[in-house]
Amino acid sequence: VSSRAAISVCRLDTLTPDERRAVQDAAVLGLAFPRAALAALNEGGGITDLDGALDGLLRKEILNLDSDPRSPERGQFRFVQAMVRTVAYETLSRRDRKARHLQVAAHLASESDAEEYAAVIASHYLDAHAVEPDAEDAAELASRGVAMLEVAAQRALLLGVPTQAMRHYARALEFTDDPQQRCRLAIGRKRDRRRRQRSLRRVRRHGVPRRRAGRAAVTGCASPRGVRRGQEQPGHGPRPATAADPGVRVAPRRARDHRR
């Protein structure tokens, strides 16, 4: 056991029963999590005072609360140290880990905007599968995870992020042996790879430098109408003229220096 892990164990030993249970539940949720998700895990009443436990964890600097108005995680709690989260997760029995992952997946799947969390839901199903890969429900959990990864891949494609869609398809292929499903996933992955390659070619053809082409394709700014050679980009100044631009004559360096 490393010294950092030993220190984390000592810190967890100083917690009250409610605080310890809250940390264990939070460890299943991830490094950052909203209060609502933690409350959903506590529907069985394991924690008598959830807000009191969270306040205690903030005082003891186990968690902090993101209050940055520019942060997408504003209002969420976050582990101050990733090691504390890892140790708290490992203190759970395999049975408790699996039960909590399934609780989180069920909670997120019941939300009206569940499609936005498809990748997270899939991750919890597959984590529950990994806890007991030989259990009777292992095949069903893997199937649910693969189905949610397909949803996540399709959503990523709609958002113009083919690389992310490819990653979802690739992970889904690791958890299915069904020939038809594997064929469908492989086709989707290949199709998204072609779309990404076409996006990169389109970006380079319309003047985005090679080093920025990948980022432009991923963020969806590779429109032929929106990216032209020498055209100003939102948030960027005009690109300096170069000799490679059609119809542009650039004075020699000495001449330019003389005019200054």
Side-chain angles (χ1 to χ4, degrees), residues 15 17-58 62-67 71-80 82 84-133 135-156 158-159 164 167-168 171-172 175:
L15 303 180
D18 275 0
E19 292 170 349
R20 187 178 181 86
R21 171 65 185 265
V23 167
Q24 289 176 326
D25 288 350
V28 175
L29 294 171
L31 280 174
F33 57 92
R35 182 194 179 283
L38 191 60
L41 277 177
N42 192 43
E43 289 180 353
I47 303 174
T48 56
D49 183 7
L50 179 58
D51 288 326
L54 288 172
D55 288 341
L57 294 171
L58 290 173
I62 300 294
L63 303 176
N64 60 23
L65 183 62
D66 193 336
S67 57
S71 172
E73 296 179 351
R74 182 184 181 186
Q76 293 193 18
F77 294 90
R78 170 178 283 275
F79 279 92
V80 175
V84 173
R85 184 231 168 185
T86 301
V87 172
Y89 184 81
E90 291 176 350
T91 60
L92 288 168
S93 67
R94 298 174 69 86
R95 180 179 178 181
D96 287 341
R97 291 182 203 176
K98 182 176 180 178
R100 282 169 169 78
H101 279 302
L102 293 179
Q103 276 184 272
V104 177
H107 166 68
L108 293 176
S110 66
E111 296 290 315
S112 58
D113 52 353
E115 285 192 2
E116 294 185 15
Y117 306 107
V120 180
I121 296 172
S123 179
H124 282 290
Y125 278 133
L126 297 178
D127 285 344
H129 170 274
V131 172
E132 294 181 341
E136 293 181 358
D137 61 348
E140 180 185 354
L141 294 178
S143 178
R144 291 183 187 179
V146 169
M148 295 310 299
L149 283 173
E150 285 193 81
V151 173
Q154 293 165 6
R155 177 174 173 77
L158 289 175
L159 294 175
Q164 192 173 34
R167 286 196 296 269
H168 292 322
R171 191 180 184 201
F175 290 91

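Counting from 1, the numbers follow the sequence of the chain as shown. Computed from a predicted structure; not experimentally measured.
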Query - Pairwise side-chain contact, Gln103 with Val28, heavy-atom cut-off 4.5 Å (strictly under) - result: no

**Report entry** Nearest atoms (heavy-atom pairs only) where His107 meets Ala37
**Finding:** NE2-CA, 4.0 Å

Query raised in the report: Taking the side chain as C-beta and beyond, is there a heavy-atom pair between Glu73 and Leu31 under 4.5 Å?
Result: no

Report summary line: Nearest heavy-atom contact between Ala118 and Val151 is CB-CG1, 3.8 Å

Query - Minimal non-hydrogen separation, Ile47 against Arg21, with atom names - result: CG1-CG, 3.4 Å

Report task. For the pair Phe33 and Asp25, evaluate side chain to side chain contact (heavy atoms under 4.5 Å, CB included) and give the outcome as yes or no after the intermediate values. Result -> CA-CA 10 Å; Phe33 57 92; Asp25 288 350; over 6 Å; no

Query raised in the report: Does His129 have any ring pair (Phe, Tyr, Trp, His ring centres under 6.0 Å) partners at least two apart in sequence or in another chain, and if so, which?
Result: Phe175

Query raised in the report: Is any side-chain heavy atom of Tyr125 closer than 4.5 Å to a side-chain heavy atom of Leu102?
Result: yes

Query raised in the report: Closest heavy-atom contact between His101 and Ala128?
Result: CB-CB, 3.9 Å

Report task. Given side chain to side chain contact (heavy atoms under 4.5 Å, CB included), test Glu19 with Ile62 step by step and report yes or no. Result -> CA-CA 10 Å; Glu19 292 170 349; Ile62 300 294; over 6 Å; no

Report task. Give, for atom CG of Leu57 and atom CG of Asn64, the distance between the pair rounded to the nearest 0.5 Å. Result -> 11.5 Å

Requested in this report: Indicate yes or no: at least one non-hydrogen side-chain atom of Leu159 is less than 4.5 angstrom from one of Gln164.
Outcome: no

Query raised in the report: Between Arg97 and Asp127, is there a side-chain N and carboxylate O pair less than 4.0 Å apart?
Result: no

Query - Glu132 atom CD, neighbour heavy-atom count above 12 within 6.0 Å - result: yes

Query raised in the report: Does some side-chain heavy atom of Leu149 sit less than 4.5 Å from a side-chain heavy atom of Leu126?
Result: yes

Query raised in the report: If you measure from CD on Gln76 to CG on Leu65, what distance do you get to the nearest 0.5 Å?
Result: 9.5 Å

Report task. Check whether any side-chain heavy atom of Asp96 sits under 4.5 Å from a side-chain heavy atom of Gln24, and report yes or no. Result -> no

Query raised in the report: Where is the tightest heavy-atom contact between Asp18 and Asp49, given as atom of each residue plus distance?
Result: OD2-N, 3.3 Å

Report task. Hey, could you give me the CZ/CG distance between Arg100 and Leu92, rounded to the nearest 0.5 Å? Result -> 5.0 Å

**Report entry** Tyr117 OH: over 12 foreign heavy atoms closer than 6.0 Å
**Finding:** no

Query raised in the report: If only atom types and distance count, is the side chain of Arg85 paired as donor or acceptor with the main-chain N or O of Ala27 below 3.5 Å?
Result: yes

**Report entry** Exercise: identify the closest heavy-atom pair between Leu63 and Leu54
**Finding:** CD1-CD2, 4.0 Å

